[in-house]
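Working notes, beginning with the structure itself.
Everything numeric in this text was worked out from a predicted model, so none of it was measured. Side chains are part of it too, since the values below use all heavy atoms of this structure and drop only hydrogens, waters and symmetry mates.
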Amino acid sequence: MGVSGMAGKTLYDKVWDAHLVHQQEDGTVLLYIDRHLVHEVTSPQAFEGLQLAGRQPWRTSSMLAVADHNVPTTDRANGIEDPVSRLQIETLDANCEKFGVTEFKMNDLRQGIVHVIGPEQGATLPGMTVVCGDSHTSTHGAFGALAFGIGTSEVEHVMATQTLLQKKSRNMLISVDGQVGPGVTAKDIVLAIIGKIGTAGGNGYTIEFAGEAIQALSMEGRMSVCNMSIEAGARAGMVAVDRTTIEYLKNRPFSPSKEHWEQAEAAWLDLQSDDDAVFDEIVRIDAASIEPQVSWGTSPEMVTSVNGYVPDPQADEFEAKREGYSRALEYMDLAAATPITEIKLDRVFIGSCTNSRIEDLRAAAAVIKERKVATSIKQALVVPGSGLVKQQAEKEGLDKVFLDAGFEWREPGCSMCLAMNADRLEAGERCASTSNRNFEGRQGQGGRTHLVSPAMAAAAAIAGHFVDVRSF
Amino acid sequence: MKEFTKLTGLAVPLLRANVDTDAIIPKQFLKSIKRSGFGVNLFDEWRYKDAGFPGQDSASRQPNPDFVLNKPRYAGAQVLIAGENFGCGSSREHAVWALDDYGFRTVIAPGFADIFNNNSFKSGLLPVVLDKHIVEQLGEECEAVEGYSLAIDLQEQTVTTPSNEVFKFEVDEFRKHCLLNGFDDIELTLQQRFRIEEYEVKRRQSAPWLFNTSS
Ligand code: SF4
């Protein structure tokens with residue numbers, strides 16, 4: 001409790017309060033939205049609804065659109081072969097044109113995965129409310145923004161009114177105390193968190209990620225952590241603003257202009273939970289205990305250390321989960337008690353809004369350097385998160401490292417994260433993937449996904465099976 | 001939005017935990033730019049043995065006879081009895097549209113993922129949360145008794161079984177009000193246009209950079 005007897009505010013409370021347009025008696029709030037990111041899959045029906053009702057977008061300058069889910073990652077010069085995908089992207093182009101929305105088109109250097117380009121452009125800023133018709137909008141919370149995914153009806157609501165009707169969530173603090181060991185990345189931290197609290201653990205909460213290990217992360221790392229808040233059940237995850245945040249934002253195209261910079265910076269530095277803020281739930285994790293993680297099942301909570309084993313659903317401790325575990329092992333074609341390092345792979349995918357930023361590509365390239373992809377691997381794919389990430393990587397020569405090792409080097413997009421374009425697993429194939437979801441069929445019908453960090457995926461590509469990147 | 005008041009409908013049990021939106025409607029069908037027509041592909045990978053793709057003639061598909069929705073006794077079901085954390089995963093409202101298009105009007109589960117829960121209300125599909133052991137009981141009864149129907153009354157916030165057992169459920173007051181009346185959220189919000197405009201004026205002063213466009 002503070003001196004006045006009032007409890008302090010959490011970071012989430014602060015951003016929430018700053019966006020209240022109106023509060024009804026029952027607690028339903030009209031919340032102002034600063035930034036609306038738009039992609040081709042969840043927007044056509046919203047644009048159509050807007051048009052049918054004869055409405056105009058409230059503030060097009062809040063919107064930024066990009067096609068990412070359906071775009072091909074090869075031969076862009078030839079356009080889009082799949083007519084259904086093509087129509088969806090053309091529909092986005094036409095809608096943006098009609099309503100005057102800024103869009104990075106498929107052949108624009110700035111095109112990429114919506115959650116990569118928002119921060120890259122400085123279109124995501126601290127203290128903002130950021131929404132998108134996409135659950136991984138939680139990524140943007142890394143900037144001390146309140147960012148969450150919405151459905152298409154809500155996309156239309158934001159277009160038409162610049163607001164959303166919302167109820168406040170509860171506050172959860174996840175503190176990752178101490179430092180992680182070498183070779184342990186942001187991805188391992190967030191997978192370990194999900195393993196601990198479960199995929200429904202964050203339902204109804206906004207999570208603030210804090211603690212020494214989180215503060216030590218780069219913005220890229222913080223984005224990887226916040227990205228998977230949704231896999232922990234929380235719509236939004238946030239990290240307090242510090243110098244790392246501010247340094248990242250300098251000189252980005254949408255960042256505050258010179259005349260507003262100082263004022264913005266001062267406001268941003270207040271985006272921290274007060275010392276006496278009250279959280280409804282606190283989870284503490286010892287960073288030093290986190291090892292490189294590998295998921296073994298069909299839910300992100302089905303995860304263990306690379307030195308662990310596929311669990312035995314018949315063990316007493318798993319009684320409540322027996323059915324789910326058995327089903328998952330059957331789908332994944334894994335036997336109980338198999339060491340994780342004995343799991344052999346068919347494909348490797350480095351990409352997605354979780355891990356396709358420059359730092360991720362550097363980490364993967366560092367492992368690969370002067371080594372070759374195992375002959376047993378059918379395909380190893382690197383899909384940069386944006387055209388700008390790709391350009392930067394090429395400047396650093398990372399594309400050569402990947403190509404020399406036998407990886408394919410692709411154009412930016414969601415790609416094999418959800419396999420809406422041509423990049424996908426065949427039935428029965430097994431993939432080490434740096435994406436965020438290992439659901440049944442996610443990377444292609446019948447495909448089997450293991451979630452890992454970029455360094456772990458790279459090491460697995462070389463070895464042909466999982467290996468502990470720390471001793472690789 | 002579509003209104004929901006009460007309904008007595010045939011129930012079907014699908015008690016797996018963590019049924020995600022990829023399972024409810026696989027990604028290849030999200031390429032549609034329409035809001036309708038998703039029902040034939042609801043639970044596509046579980047419901048059919050062959051791989052599904054957009055624009056296919058559904059009569060040529062091979063249904064999986066073991067999947068619960070394909071059992072003749074559940075034809076025409078309107079109430080889905082589901083497991084924990086139903087609708088987790090992506091924000092695709094297509095999942096709700098698919099359930100709705102198939103004919104479901106309500107899903108009863110021990111808990112829903114937040115975004116799915118929100119989306120449901122927007123499309124007139126009522127998500128009902130009941131205690132896990134109650135949901136399991138309903139699921140067992142449903143399996144045991146052919147033609148098992150549940151009556152859902154939103155006004156009274158009750159679920160009634162064929163043997164007249166009544167379970168109360170909680171629902172957000174405002175959402176209940178909107179759903180009972182089939183209100184259009186956007187229209188309601190635009191009635192407060194002046195408030196949004198007032199907010200913007202103040203915000204432009206206190207945080208002008210938020211209104212910048214790219215430099
Ligand atoms: S990369 Fe994957 S998770 Fe991210 S927005 Fe694209 S499809 Fe969604």
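Of the two parts of Asn421(A), neither the backbone nor the side chain holds a non-hydrogen atom closer than 4.5 Å to a non-hydrogen atom of chain B. Both the backbone and the side chain of Gln263(A) have a heavy atom closer than 4.5 Å to some heavy atom of chain B. Heavy atoms of Glu301(A) lying under 4.5 Å from chain B belong exclusively to its side chain. Only the side chain of Ala267(A) comes within less than 4.5 Å of a heavy atom in chain B; its backbone stays farther off. The part of Leu20(A) that comes within reach of chain B is its backbone (N, CA, C, O), which places non-hydrogen atoms under 4.5 angstrom from that chain. For a residue to count as touching a neighbouring chain, one of its non-hydrogen atoms must lie under 4.5 Å from one of that chain's; by this rule Ala53(A) does not touch chain B. Of the two parts of Thr91(A), only the side chain, counted from C-beta on, holds a non-hydrogen atom closer than 4.5 Å to a non-hydrogen atom of chain B.
Note that OG1 of Thr161(A) and CD of Glu156(A) are 10.0 Å apart. Values are rounded to the nearest 0.5 Å. Taken to the nearest 0.5 Å, the CD atom of Glu440(A) stands 4.5 Å off from the CZ atom of Arg327(A).
Taking the six-membered ring for Trp and the full ring otherwise, His22(A) and Tyr199(B) have centroids separated by 6.0 Å or more.
In this structure, Trp46(B) and Phe43(B) have parallel ring planes: the angle between them is below the 30° cut-off, well short of the 60° mark.
Side-chain contact check for Ser135(A) and Arg437(A): at least one donor-acceptor pair (N or O, by modelled atom type) lies under 3.5 Å.
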